[in-house]
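Data block below; observations after.
Position 1 is the first residue of the sequence; numbering continues from there.
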Amino acid sequence: MKLNIYEKKKIVKTYEADSYDLTFGTVEDVADAIKLDKLKGTDTEILESIGAFVITSKDTVKDLMKDIFEGITDDELRHTKVSEQIVVIYDVLMFTVKQLTMFGKSKN
């Protein structure tokens with residue numbers, strides 16, 4: 001996953017993270033904000049739900065981005081694109097759902 005920092009439409013820095021597992025507290029926050037039934041919908045429905053989450057839950061999103069991308073600052077987050085944040089959250093959510101599904105199918 002990556003998140004670009006922009007200055008006047010030019011990328012000035014890029015943060016990268018290989019993977020990220022959501023903590024239960026973050027799952028609770030996201031579940032409260034995103035209509036979880038939309039995660040089984042079309043990609044458009046999922047992205048719309050995540051977009052609404054980013055817009056309405058900025059403090060939770062900031063905390064999430066700071067947790068995923070070590071060292072990113074509040075000021076840098078102000079210079080990121082919402083569309084890129086949505087993609088990061090989508091990737092994290094889909095990974096988490098996949099992991100939970102695999103865990104549920106485990107015989108252990």
Side-chain angles (χ1 to χ4, degrees):
M1 293 177 288
K2 70 178 186 173
L3 190 64
N4 295 312
I5 310 303
Y6 293 87
E7 200 170 286
K8 297 184 181 179
K9 298 186 180 185
K10 180 181 176 189
I11 297 172
V12 294
K13 189 173 187 179
T14 300
Y15 283 89
E16 294 187 34
D18 291 329
S19 65
Y20 180 76
D21 286 328
L22 292 174
T23 62
F24 186 72
T26 302
V27 170
E28 285 182 315
D29 293 342
V30 173
D32 288 343
I34 294 178
K35 297 174 184 161
L36 293 180
D37 61 321
K38 297 291 186 186
L39 294 181
K40 295 179 183 175
T42 66
D43 283 345
T44 300
E45 291 172 325
I46 294 168
L47 293 172
E48 286 173 356
S49 291
I50 294 170
F53 166 66
V54 168
I55 291 166
T56 60
S57 304
K58 65 180 180 180
D59 290 336
T60 301
V61 171
K62 274 185 181 179
D63 291 344
L64 178 59
M65 293 297 150
K66 288 161 116 180
D67 202 22
I68 294 171
F69 300 106
E70 188 175 329
I72 196 166
T73 66
D74 286 344
D75 187 56
E76 288 173 324
L77 284 170
R78 292 181 55 82
H79 294 92
T80 61
K81 292 183 177 180
V82 172
S83 59
E84 292 180 11
Q85 289 183 7
I86 291 169
V87 170
V88 169
I89 294 169
Y90 175 86
D91 289 346
V92 169
L93 288 174
M94 293 302 107
F95 175 78
T96 301
V97 168
K98 183 177 180 181
Q99 293 292 61
L100 291 172
T101 302
M102 287 174 40
F103 179 74
K105 292 180 181 176
S106 172
K107 294 182 181 183
N108 292 335

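Counting heavy atoms from C-beta outward, Ile5 and Thr80 have side chains that approach closer than 4.5 Å. Residues Val88 and Phe69 have side chains in contact (heavy-atom distance under 4.5 Å, counting atoms from C-beta outward).
Within the model, atoms CG of Asn4 and CD of Glu84 stand 4.5 Å from one another, a figure rounded to the nearest 0.5 Å.
With sequence neighbours excluded, the residues that form a side-chain contact (heavy atoms from CB on, under 4.5 Å) with Val82 are Val54, Ile86. Legend: residues meeting side-chain contact (heavy atoms from CB on, under 4.5 Å) with Lys58, ordered by chain and number and at least two apart, are absent. Partners of Glu16 under the side-chain contact (heavy atoms from CB on, under 4.5 Å) rule, at least two apart in sequence or in another chain, are Lys2, Thr14.
Annotation for Ile55: hydrophobic cluster partners, listed by chain and number, are none (ILVMFWY side-chain heavy atoms under 4.5 Å, direct or chained). Side-chain contacts under 4.5 Å among hydrophobic residues (ILVMFWY), followed directly or transitively, place Tyr6 together with Ile11.
Met1 pairs with exactly one of Ile89, Asp91, Asp18 by the side chain to side chain contact (heavy atoms under 4.5 Å, CB included) rule, that one being Asp91.
Placement of Ile50 and Leu77 within a single hydrophobic cluster is found when ILVMFWY residues are connected by side-chain heavy-atom separations under 4.5 Å, directly or transitively. There is no path of hydrophobic side-chain contacts, each under 4.5 Å, that joins Val87 to Val61.
Screening residues 64-82 for salt bridge (Lys or Arg N to Asp or Glu O under 4.0 Å) gives Lys13-Glu76, Lys66-Asp74 as the qualifying pairs, with residues at least two apart or on separate chains.
The two residues Thr60 and Phe53 make their nearest non-hydrogen contact at CG2-CZ, 3.8 Å.
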